[in-house]
Amino acid sequence: MDSPHNSPPHDSSQQGLPQDVPAVHEEAPREPILTLPFALTAYIVLLAVIHLRMLLPPELENWTIDVFGFIPKRYDSSLLNLQIPGGAGAKVWSFVTYSLLHANLTHLAFNVLWLLPFGSALARRFGAVRFFLFLAVTAAAGALAHLVTHEHAVAPMIGASASVSGAMAAAIRFAFVRGSFLSFSRSDADTAAKVPALPLSRALRDGRVVGFLAVWFGVNIIFGVGAIGVDAETTSVAWQAHIGGFFAGLLLFALFDPVPRIRGDAADASSQDVSDRI
């Protein structure tokens with residue numbers, strides 16, 4: 001027990017303290033292991049709620065996918081008599097709504113797990129409005145890439161993988177900068193998410209960024225886990241959509257980023273992760 005009444009009268013550790021005031025030992029506040037910003041939490045909840053469509057009768061569930069999934073055949077002007085649910089409106093909204101649908105719980109969980117570290121940093125950096133708009137834009141970029149490479153495909157494409165890929169690409173613009181969330185000298189979550197980003201030309205000369213790009217492209221091309229077709233016989237990985245979302249996130253990051261960037265020698269200095277050593 002640390003009490004002034006039990007302390008020796010000439011204890012040097014208590015000199016200068018009033019005898020009727022106990023010594024107080026304060027501990028630094030501890031940050032929770034996993035804290036999610038509101039925007040990301042809301043997005044995950046939205047995906048989960050929409051996934052409850054799996055409880056619908058099969059015919060209604062299939063109708064939902066046809067209306068809100070992305071179907072390249074929908075844009076084939078040579079097929080004037082082809083009837084696809086959703087009409088002209090689906091030609092617009094399906095560029096984004098497909099990303100809110102998932103084939104099964106594993107598909108949903110995989111995308112959410114990838115989004116947690118990168119989406120969390122991005123949501124803190126962008127704020128809710130920019131974050132949601134960014135996800136929509138990268139989803140549309142993924143759909144466009146899928147349309148260009150699957151012009152006559154009938155199977156609907158669904159899944160948030162293009163948006164997840166875009167979030168990952170955007171996050172690596174600042175993830176390795178000193179103090180950010182993938183650096184060795186990581187700051188608290190909010191500070192780590194708001195370090196100045198590297199210019200794109202500088203980021204592409206960073207060995208860690210290049211290594212990340214190589215691994216990401218390798219995994220997506222070889223294994224291609226993510227947005228897939230729904231029909232059991234035509235199920236395939238829409239890796240082109242992943243790449244479309246990734247490039248959109250990498251190139252359009254600056255249009256959404258509210259944090260001023262650094263340039264030149266300052267960028268080189270700030271990107272150093274390890275303190276100077278003798």
Side-chain angles (χ1 to χ4, degrees), residues 31-55 64-65 67-70 92-146 156-175 180-182 189-190 192-194 197 216 220 225-228 230 238 241-250 252-253 255-259:
E31 184 178 352
I33 296 176
L34 180 61
T35 57
L36 298 181
F38 170 79
L40 179 58
T41 302
Y43 181 68
I44 293 174
V45 170
L46 176 63
L47 294 180
V49 170
I50 290 176
H51 195 63
L52 293 177
R53 79 178 205 286
M54 299 295 291
L55 302 177
T64 302
I65 293 175
V67 172
F68 298 103
F70 188 79
V92 179
W93 67 56
S94 63
F95 267 89
V96 175
T97 55
Y98 82 93
S99 67
L100 303 177
L101 304 170
H102 289 83
N104 50 52
L105 190 58
T106 300
H107 187 200
L108 172 61
F110 193 89
N111 277 331
V112 169
L113 286 176
W114 273 110
L115 189 60
L116 287 179
F118 300 95
S120 180
L122 210 60
R124 284 187 169 90
R125 188 180 187 94
F126 284 176
V129 175
R130 283 189 177 93
F131 180 67
F132 292 138
L133 184 58
F134 179 84
L135 293 179
V137 168
T138 49
L144 181 60
H146 185 69
M157 180 184 71
I158 61 175
S161 296
S163 294
V164 173
S165 298
M168 294 172 70
I172 65 171
R173 292 287 300 274
F174 61 91
S180 194
F181 69 101
L182 288 184
D190 287 329
K194 296 179 180 178
W216 186 90
N220 276 272
V225 178
I228 60 177
V230 177
H242 301 186
I243 292 177
F246 191 90
F247 273 117
L250 190 67
L252 301 180
F253 167 79
L255 299 180
F256 294 86
D257 189 20
V259 180

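These values consider heavy atoms only, across backbone and side chains, with no hydrogens, waters or symmetry-generated copies.
Note that OG of Ser99 and CG of Asn111 are 10.0 Å apart. Values are rounded to the nearest 0.5 Å. Expressed to the nearest 0.5 Å, how far CZ of Arg125 lies from CG of Asp190 amounts to 12.5 Å.
No donor-acceptor pair under 3.5 Å is formed between the side chain of Arg173 and the backbone N or O of Phe253. Here the side chain of His51 pairs no donor or acceptor atom with the backbone of Leu47 at under 3.5 angstrom. Between the side chain of His242 and the main chain of Ser165, no donor-acceptor pair closer than 3.5 Å is present. Listed for the Thr138 side chain is no donor-acceptor partner under 3.5 Å among the backbone atoms of Gly249. Using a distance-only test at 3.5 Å, with no hydrogens or angles considered, a donor-acceptor pair links the side chain of Arg130 to the main chain of Phe256. A donor-acceptor pair is defined here as one N or O able to donate and one able to accept, closer than 3.5 Å; such a pair exists between the side chain of Ser180 and the backbone of Phe174.
The shortest side-chain heavy-atom distance between Met168 and Leu115 does not fall under the 4.5 Å cut-off. Within the 4.5 Å cutoff, no side-chain heavy atoms of Phe70 are placed close to those of Pro156.
By the 30° and 60° cut-offs, the orientation of the rings of Phe131 relative to Tyr43 is perpendicular.
Minimum interatomic distance between Ala160 and His102 (heavy atoms only, all atoms of both residues): N-NE2, 3.3 Å. Of all the heavy atoms in Ala197 and Asp257, the pair that sits closest is CB-OD2, 4.1 Å. Minimum heavy-atom separation, Ala241 to His146: CB-CB, 4.3 Å.
Close placement of the Phe134 and Phe126 rings is indicated, their centers lying within 6.0 Å of each other.
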